[in-house]
Amino acid sequence: MVSMNAIELTKTLIGYDTVSPNSNVEVMNYLTSVLESIDCDVERVEYTDPAGVLKVNLIGRKGKDSGDGGFALLGHIDTVPAIGWSENPFEARILNGKMYGRGSCDMKGSVACMIEVASRYKVTDLQIPLYIVITTDEEVGYFGASAVVKNSEMFKQFGFPKYGVVGEPTELKAVYAHKGAVRFSVTAYGHAAHSSTGEGENANLKLIPFLSEMREIHQELTTNKRYFNNEFTPPYTDWNITISDGECTANITAPMSVCNINYRPMPGDDAQKWMDLARKSAEKHGLEFDLFINAGPVRTAPDAEIIQAALEITRDSKLHTVSYSTDAAIFSKYMETVIIGPGSILQAHTVNEWMALDQFDKGVEVFSQFVDRFCVSP
């Protein structure tokens, strides 16, 4: 059995460009060999994304086949794009106690900690099986996690793990709830022409009535306390509106205008109500509606076993919520989940992303305590 080092493994993983639109086959081939070297049985769950790109998810299973249920450490390997960096974002750099590189914090560092933890246990140590689940396309809609729960032969054979830790960067604080992620686009089509001729049809003008109604929804959700949830900061959802006509120049009538809306429903929200209102508004104004992410919020009961274990392990006196979303939006439907991992969300997605080096040892220690509790001495 090979022993892994999270810092060295993270440096290697940063070297792979795994920005979400790219194929991740190369890094997953590498991680397949890594998981096999630490005595995991490995399943590859493959699919082709909407752009026709082959993607791979990995499930490593370690422990007795007779184990009841299981415990999973859950992470993703894809990253957001790296734009505006002064250094190579896909080359790890260590400086002043920090590791820089795209994915160092979100969340290759956490995945590496999970693998180091798994390498520390013999198969015979684990009374209940330990799973390491590494997904892709988390950053663009949780498509990898969805493929895993739908198509994994391993989970069909053994059942889903009973408990799961989603290792997103929380500074190792226990997060029991987060908002969802709903994204849709509404497109208006016109006809391009020189604006002086009067022959064009401006798509921007066709979009304006819809935008006005979306502004009313935004105002309702962010000001009417009926829709607030004080478990979160801020206590209201966002209904974020962006528009683009492709930077059409001012002397051309815009042939197409697209409105993108990002909505983050909270536990207990009637998300379908607001999506239906948007869809009906689009149809009323002759616009094209396309829903491409629809992931619900997550809330594990504070008295759940995984949450209480997280409080004991972290020695924290309070639970936490976050306003972003994670693969728990998918996995929490199949297992009891908590979100906890090394690093800070303040560094995720940033130029010159980094994770403090002391977070690696702390992350390994926290994940190890979960394994001891749920797999070694259940």
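- Nearest heavy-atom pair across G75 and M107 is CA-CE, 3.5 Å.
- Smallest separation of non-hydrogen atoms from G167 and P342: O-CD, 4.4 Å.
- A salt bridge is absent between E43 and R61: the closest approach of a Lys/Arg side-chain nitrogen to an acidic carboxylate oxygen does not fall below 4.0 angstrom.
- Using a 4.5 Å heavy-atom cutoff, the side chains of M266 and E231 are not in contact.
- Residue L126 is grouped with residue I313 when hydrophobic side chains (ILVMFWY) are merged at heavy-atom distances under 4.5 angstrom, including chains of intermediate members.
- Side-chain contact annotation: R44 with N29, donor-acceptor N/O pair under 3.5 Å present.
- For the atom pair CH2 of W239 and CZ of R215, the computed distance is 15.0 Å after rounding to the nearest 0.5 Å.
- No hydrogens or angles considered: a donor-acceptor pair under 3.5 Å links the side chains of S281 and E213.
- Proximity of a side-chain donor or acceptor of K62 to a complementary backbone N or O of Y121 within less than 3.5 Å is detected.
- With hydrogens and angles ignored, the 3.5 Å screen pairs no side-chain donor or acceptor of N230 with any backbone N or O of P235.
- Ion pair R120/E116 flagged as a salt bridge, since at least one NZ, NE, NH1 or NH2 atom sits closer than 4.0 Å to an Asp/Glu carboxylate oxygen.
- Using modelled atom types, one side-chain atom of S20 and one backbone atom of T79 make a donor-acceptor pair closer than 3.5 Å.
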Could you go step by step and tell me if S37 and M4 meet the side chain to side chain contact (heavy atoms under 4.5 Å, CB included) rule? CA-CA 10 Å; S37 76; M4 291 290 159; 3.5 Å; yes
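- For the atom pair CZ (F228) and CG (L221), the distance works out to 9.0 Å, reported to the nearest 0.5 Å.
- Distance alone, capped at 3.5 Å, places no donor-acceptor pair between the Q347 side chain and the W354 backbone.
- Side chain of T32 to backbone of M28: a donor-acceptor contact under 3.5 angstrom is found.
- Defined by atom type and a distance below 3.5 Å, a donor-acceptor pair is missing between the side-chain atoms of E26 and Y16.
- Nearest heavy-atom pair, A310 versus V338, reported as atom, atom and distance to 0.1 Å: CB-CG2, 4.0 Å.
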Could you go step by step and tell me if I241 and C259 meet the side chain to side chain contact (heavy atoms under 4.5 Å, CB included) rule? CA-CA 7 Å; I241 302 167; C259 170; 3.8 Å; yes
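- To the nearest 0.5 Å, atoms OG1 (T314) and CG (L172) are separated by 8.5 Å.
- The number of heavy atoms from other shown groups lying within 6.0 Å of CZ (F232) is above 12.
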D269 and N229: side chain to side chain contact (heavy atoms under 4.5 Å, CB included), yes or no, with the steps? CA-CA 9 Å; D269 284 354; N229 184 335; 5.8 Å; no
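- By the neighbour-count criterion of 12 heavy atoms within 6.0 Å, atom CE of M256 is sparsely surrounded, having that number or fewer from other residues, nucleotides or ligands.
- For the residue pair N204 and S257, a side-chain donor N or O sits within less than 3.5 Å of a side-chain acceptor on the partner.
- Placement of V111 and M99 in two distinct hydrophobic clusters is found when ILVMFWY residues are connected by side-chain heavy-atom separations under 4.5 Å, directly or transitively.
- Residues L35 and M114 share a single hydrophobic cluster, defined by chaining ILVMFWY side chains whose heavy atoms lie under 4.5 Å apart.
- For the residue pair G343 and Q359, the shortest heavy atom distance occurs at N-OE1, 2.8 Å.
- Y47 and S146 are not linked by any side-chain donor-acceptor pair at a separation below 3.5 angstrom, with hydrogens and angles left out of the test.
- Using a distance-only test at 3.5 Å, with no hydrogens or angles considered, a donor-acceptor pair links the side chain of T237 to the main chain of R264.
- Hydrophobic cluster membership is shared by Y30 and V42, with clusters built from Ile, Leu, Val, Met, Phe, Trp and Tyr side chains linked at under 4.5 angstrom.
- In this structure, T337 contributes its side chain and G164 its backbone to no donor-acceptor pair below 3.5 Å.
- Pairing each heavy atom of A6 with each of A112, the nearest pair is O-CB, 3.4 Å.
- Ring geometry for F370 against F71 counts as parallel: the plane angle stays under 30°, on a 0 to 90° scale with 60° as the upper cut.
- Environment of NZ in K156: crowded, with over 12 heavy atoms of neighbouring residues, nucleotides or ligands closer than 6.0 Å.
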Side chain to side chain contact (heavy atoms under 4.5 Å, CB included) for D106 and E168? Distances and angles first, verdict last. CA-CA 7 Å; D106 186 15; E168 291 282 352; 3.1 Å; yes
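- Within the structure, every pair that satisfies the salt bridge (Lys or Arg N to Asp or Glu O under 4.0 Å) test and touches residues 366-378, not counting sequence neighbours, is listed here: E312-R373.
- How far OG1 of T300 is from OH of Y176: 10.0 Å, rounded to the nearest 0.5 Å.
- Relative to the ring axis of Y100, R93 places its NZ or CZ within 45° and under 6.0 Å from the centre.
- Here the CD1-OH distance, from I307 to Y163, works out to 11.5 Å after rounding to the nearest 0.5 Å.
- Heavy-atom neighbours of D270 CG from other residues, nucleotides or ligands within 6.0 Å: above the threshold of 12.
- I340 and I134 fall within a single hydrophobic cluster, where Ile, Leu, Val, Met, Phe, Trp and Tyr side chains are chained together by heavy-atom contacts under 4.5 Å.
- Listed by first and then second residue, the salt bridge (Lys or Arg N to Asp or Glu O under 4.0 Å) pairs that reach into residues 354-370 are D358-K362, sequence neighbours excluded.
- Listed for the S110 side chain is no donor-acceptor partner under 3.5 Å among the backbone atoms of G341.
- Across all non-hydrogen atoms, the minimal contact from H178 to A328 is NE2-CB, 3.8 Å.
- Residues H76 and Y142 form no side-chain contact, since every pair of their non-hydrogen atoms from C-beta on lies 4.5 Å or further apart.
- Here the side chains of W274 and E220 are in contact, with some heavy-atom distance below 4.5 Å.
- Of the possible donor and acceptor atoms, none in the side chain of H285 sits under 3.5 Å from a partner among the backbone N and O of L287.
- With hydrogens and angles ignored, the 3.5 Å screen pairs no side-chain donor or acceptor of S119 with any backbone N or O of S3.
- The CZ atom of R102 sits 10.0 Å away from atom NZ of K108, with the distance rounded to the nearest 0.5 Å.
- Listed by first and then second residue, the ring pair (Phe, Tyr, Trp, His ring centres under 6.0 Å) pairs involving residues 305-344 are F160-Y334 (not counting sequence neighbours).
- Counting heavy atoms from C-beta outward, L207 and I243 have side chains that approach closer than 4.5 Å.
- Annotation: K280, atom NZ; neighbour count of heavy atoms from other residues, nucleotides and ligands within 6.0 Å does not exceed 12.
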